[in-house]
There are 2 protein chains.
Amino acid sequence: MLSNASKYAIRSVLFLAENSSEHKKYGAKEIASELEIPLSFIAKILQKLAKSDVISSNKGPGGGFYTSKTNLQNNICQILNVIENEDIFEGCFLGLPRCSDENPCPIHHIVAPFKDALLEKFSNQSIADFAREIKENGSFLSLKGVSIKGNDLLK
Amino acid sequence: MLSNASKYAIRSVLFLAENSSEHKKYGAKEIASELEIPLSFIAKILQKLAKSDVISSNKGPGGGFYTSKTNLQNNICQILNVIENEDIFEGCFLGLPRCSDENPCPIHHIVAPFKDALLEKFSNQSIADFAREIKENGSFLSLKGVSIKGNDLLK
DNA sequence: ACAATAAAATATCATTTGGTCTTTTAAAAG
DNA sequence: CTTTTAAAAGACCAAATGATATTTTATTGT
């Protein structure tokens, strides 16, 4: 459903939302190694995101990528708009040409509410909210062993 | 989520389930034009499905593809196993490395039940059941104008 | 036997996605 | 003003997916 690029983008933005600020920027190198994403690939993605004002960046020594207060008000949809080149929510899951609420495919009643719920979350919840929720739930952006709530899964 | 190939495969098999039998076979040409799928592409897919006993086929005059009684007892998962080369239900939707019920990503509670419901349907419901349901619901496999329940959408 | 039919097999090509590398530009610090 | 740092830009390569065209094999009817 989501491309690798989009998943990488989302993870990176959420990482920046959790860790960065105007005064604490991260280079592509750090982000790549922290999230275990190929450096050159994530660099290109980060550049796209910066160009589209989803995140912020500065060149030169002490430069890097970060999320500003304004950036944090963005939502996931805006990330997807930059990376993905078509609406991931469009079209019947089975590819039936005229599947709709009136002529539902056999899994329409499963797929439609799922799409609705995701779209709601992706458009109404800010990056900041998302990042907070991740922290609270104890889920991981990084592969590296990070202790959360005293619960070190990597030992 | 599903590749074009898988969607085409599912539509074709369901078409055969609805329309074919040992005594009424369909050539790749007919299926392609009926479902508006590129001929050479669907031919290759049908061959794969036939080779894997998801559908049946006969060469020569009067030959073609069809679903036998046994074929109709197959389920959607078996189609996906033939066409798709990795489990579409595996992995976190956002690509978070260690997302789980214990460390859920922010959309885990939306995605997990969706996957469960789909998997249940794809593995426990036969092709025959699926085809029947499509007919009853009035949804379309073909792009061609077919009147269903007196409700001709193409006029 | 042979012509016609249609699947099976195979080789090939195009596009998209994923990923890498090199050069250029901007900014900071000595 | 030169060196260092790091993003920006763009060219490039590889793999996967989508799609096509050609040849071979099996079957049926004449």
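Side chains included, hydrogens not; waters and symmetry mates left out as well; all remaining heavy atoms used. All chains are named by letter (A, B, ...) in the order of the sequence lines, taking the proteins before the strands, and each is independently numbered beginning at 1.
Following rounding to the nearest Å, B/Lys48 (NZ) and C/dT10 (C1') show an atom-to-atom distance of 14 Å. Rounded to whole Å, the distance from CG on A/Asn58 to C1' on C/dA28 is 11 Å. Taking atom CD1 of A/Ile42 as the reference point, atom P of C/dC21 lies 16 Å away to the nearest angstrom. Taking atom CG on B/Asp53 and atom P on C/dA7, their separation rounds to 17 Å, with Å as the unit. In this structure, the NZ atom of A/Lys29 is 15 Å from the P atom of C/dT20, given to the nearest Å. The distance from atom CG of B/Leu39 to atom C1' of C/dA8 is 14 Å, rounded to the nearest whole Å.
In this structure, B/Ala131 and B/Leu14 approach most closely via the heavy-atom pair N-CD2, 4.0 Å. B/Ile31 and B/Ser12 make their closest contact through CG2-OG, 4.0 Å (heavy atoms, listed as atom of the first residue, atom of the second, distance).
With sequence neighbours excluded, the residues that form a ring pair (Phe, Tyr, Trp, His ring centres under 6.0 Å) with B/Tyr8 are B/Phe41. For A/Ser21, the side chain to side chain contact (heavy atoms under 4.5 Å, CB included) partners at least two apart in sequence or on another chain are A/His23, A/Lys24. For the ring pair (Phe, Tyr, Trp, His ring centres under 6.0 Å) test, no residue two or more places apart in sequence or in another chain qualifies with B/Phe93. Annotation: side chain to side chain contact (heavy atoms under 4.5 Å, CB included) contacts of B/Asp129 (sequence neighbours excluded): B/Gln125, B/Ser126, B/Arg132.
With hydrogens and angles left out, the side chain of B/Gln47 and the base of C/dA7 share no donor-acceptor pair within 3.5 Å.
Residue pairs that meet the salt bridge (charged side-chain N to carboxylate O under 4.0 Å, His left out) test with at least one member in residues 76-88 of chain B, sequence neighbours left out, do not exist here. For residues 95-134 of chain B, the pairs satisfying ring pair (Phe, Tyr, Trp, His ring centres under 6.0 Å) are A/Phe114-B/Phe114, with sequence neighbours left out. For residues 105-126 of chain B, every residue pair satisfying the salt bridge (charged side-chain N to carboxylate O under 4.0 Å, His left out) rule, not counting sequence neighbours, is listed here: B/Lys121-B/Glu133.
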With the criterion being N/O to N/O and under 3.5 Å, what pairs connect the protein with nucleotides 17-19 of chain C, and how long is each?
from	atom 1	to	atom 2	distance (Å)
C/dT17	OP2	A/Asn85	ND2	3.4
C/dG18	OP1	A/Asn4	N	3.0
C/dG19	O6	A/Lys44	NZ	2.7

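On the nucleic acid side, DNA chain D contacts chain B at distances under 4.0 Å to non-hydrogen atoms, with the end points of that region at D/dT17 to D/dT28.
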Got a list of side-chain donor-acceptor pairs under 3.5 Å for residues 74-82 of chain A, not counting sequence neighbours?
from	atom 1	to	atom 2	distance (Å)
A/Asn74	ND2	A/Gln78	OE1	3.3
A/Asn75	OD1	A/Cys77	N	3.1
A/Asn75	OD1	A/Gln78	N	3.0
A/Asn75	ND2	A/Ser123	O	3.0
A/Gln78	OE1	A/Asn75	N	2.9
A/Asn81	ND2	A/Cys77	O	3.4

For a quick test of your reading: what N or O donor-acceptor pairs under 3.5 Å do the side chains of residues 42-66 of chain B make, sequence neighbours left out?
from	atom 1	to	atom 2	distance (Å)
B/Ser52	OG	B/Lys48	O	2.9
B/Ser56	OG	B/Asn71	OD1	2.5
B/Asn58	OD1	B/Lys25	NZ	2.8

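For the segment residues 60-73 of chain B, residues with any heavy atom less than 4.0 angstrom from an atom of DNA chain C are, sorted by number, B/Gly60, B/Pro61, B/Gly63, B/Gly64, B/Phe65.
Residue contacts for B/Ala43: at a heavy-atom cut-off of 4.0 Å it reaches no nucleic acid atom on any strand shown.
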